[in-house]
Number of protein chains: 2
Amino acid sequence: MKKIDILKKLRSSRLRPTKQRVEIAKFLFERDKTFHFTVESLNKLLIKKSTSRIALATVYNTVHAFKAAGHLSEVEVRGNKTYFDTNVSNHHHFYDSETAELIDIDANDIIIQKIPKAPNGKKIKNVEVFINLKN
Amino acid sequence: MKKIDILKKLRSSRLRPTKQRVEIAKFLFERDKTFHFTVESLNKLLIKKSTSRIALATVYNTVHAFKAAGHLSEVEVRGNKTYFDTNVSNHHHFYDSETAELIDIDANDIIIQKIPKAPNGKKIKNVEVFINLKN
DNA sequence: TTTCACTTTAGAATTATTATAAACTAGATT
DNA sequence: AATCTAGTTTATAATAATTCTAAAGTGAAA
């Protein structure tokens, strides 16, 4: 993705193409493969690579702005709380983000027909299906 | 579940049945339905219900001890960091907890044959399949 | 009943994230 | 081009969830 495309992408998302946003956007989107990161890891990479210093809070702001604009997705469904479950059997969950409530789904109520094989020397430990709900 | 069972359960898991553990275990396991909670919410409920005061750190310790013993499962796979993904299309993930690495799975590589319908007045927003890896 | 490794406790520390408020800037208006 | 202004960036403080620490307490083995 060219710089000009990034400018377009930002403008079309009503994000002012500031120096920082352009720099972060170039870093994130000028690549061939998918890129997974946390704000913290992105920040470290930016510090290494970039000439100008970008505040951590700006990285948070920018990442969330990109997310709101649909340029990034967040691989996290439950906020930052850890839920525990007295049901230790293999099962799945509905998650209602309105009420921050988890609902069990019996393992038998979901059948997965096709599944990819694990990469390289890895094995599949378990498969969790998470169904997010809306009203 | 009776108190005596809880004592057995703890002993068999090599957890000393201390006053606090028994109290928390009774609260968690002497019920018919699955119970979902966070340490914080559990702590609040314990403060309300219990006679003796239990330190928050003890609730953390105890919950993790129960988890290690297999009496509780943790509905959370990625620690407490939020990952972002430059791939905004609908897709799934492998998660390698050894390396804390996410790997994309194309939406077409997973086919779900049977899925439960959403509860009460809710709709399904999206379905996330999370495949945990081991070595 | 003594002993000691395991526990509990209060509070400090850490980590991830969000809020704040002052300084800055892209782009519209003059 | 100079001015204006809402949106941005920044350093820092605040918050929230969780873990650490070190001292005091306690099951249960001997």
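Note that the structure is a prediction, hence the values are computed from the model and not measured. Numbers restart at 1 for each chain; the letters A, B, ... are given by sequence-line order, proteins then strands.
- The CZ atom of B:R31 sits 13.0 Å away from atom NZ of B:K26, with the distance rounded to the nearest 0.5 Å.
- One interatomic measurement links the two molecules: CG of A:L56 to C1' of C:dT20, which rounds to 15 Å at whole-angstrom precision.
- A:N61 places its CG atom 8 Å from the C1' atom of D:dT8, with the value rounded to the nearest Å.
- Under 4.0 angstrom from either OP1 or OP2 of D:dG25 there lies no side-chain N or O belonging to B:Q20.
- If B:A57 and B:K19 are placed on DNA chain D by their nearest nucleotide, the residue sitting closer to the 5' end is B:A57.
- Between A:R11 and C:dG27 there is a side-chain N or O to OP1 or OP2 distance below 4.0 Å.
- Side-chain contact between A:D109 and A:H92: absent, with no pair of heavy atoms (C-beta onward) separated by less than 4.5 Å.
- If you measure from atom CZ of A:R53 to atom C1' of D:dA11, you get 11 Å, rounded to the nearest angstrom.
- For the pair B:K9 and B:F29, the cation-pi criterion (under 6.0 Å, within 45° of the ring axis) is fulfilled.
- Here the nucleotide nearest the side chain of B:V39, chosen from D:dT18, D:dG27, C:dT17, is D:dT18.
- Between A:N135 and B:K123, the side chains place no donor N or O within less than 3.5 Å of an acceptor N or O (distance only, hydrogens not considered).
- Put simply, NE2 on A:H64 is 7 Å from P on C:dT17, counting in whole angstrom units.
- One interatomic measurement links the two molecules: CD of B:E40 to C1' of D:dT19, which rounds to 14 Å at whole-angstrom precision.
- When the C1' atom of D:dT26 is taken as reference, atom CD of B:E23 falls 16 Å away, rounded to whole Å.
- For the pair A:Y60 and C:dT17, the criterion of a side-chain N or O lying under 4.0 Å from OP1 or OP2 is met.
- Atom P of nucleotide D:dT10 and atom CZ of A:R21 are separated by 11 Å, given to the nearest angstrom.
- Rounded to whole angstrom, the span from the CZ atom of B:R16 across to the P atom of C:dT8 amounts to 10 Å.
- Between A:T18 and C:dA26, a side-chain N or O to OP1/OP2 separation shorter than 4.0 Å is absent.
- Using a 4.5 Å cut-off on side-chain heavy atoms (C-beta onward), B:D85 and B:H93 make contact.
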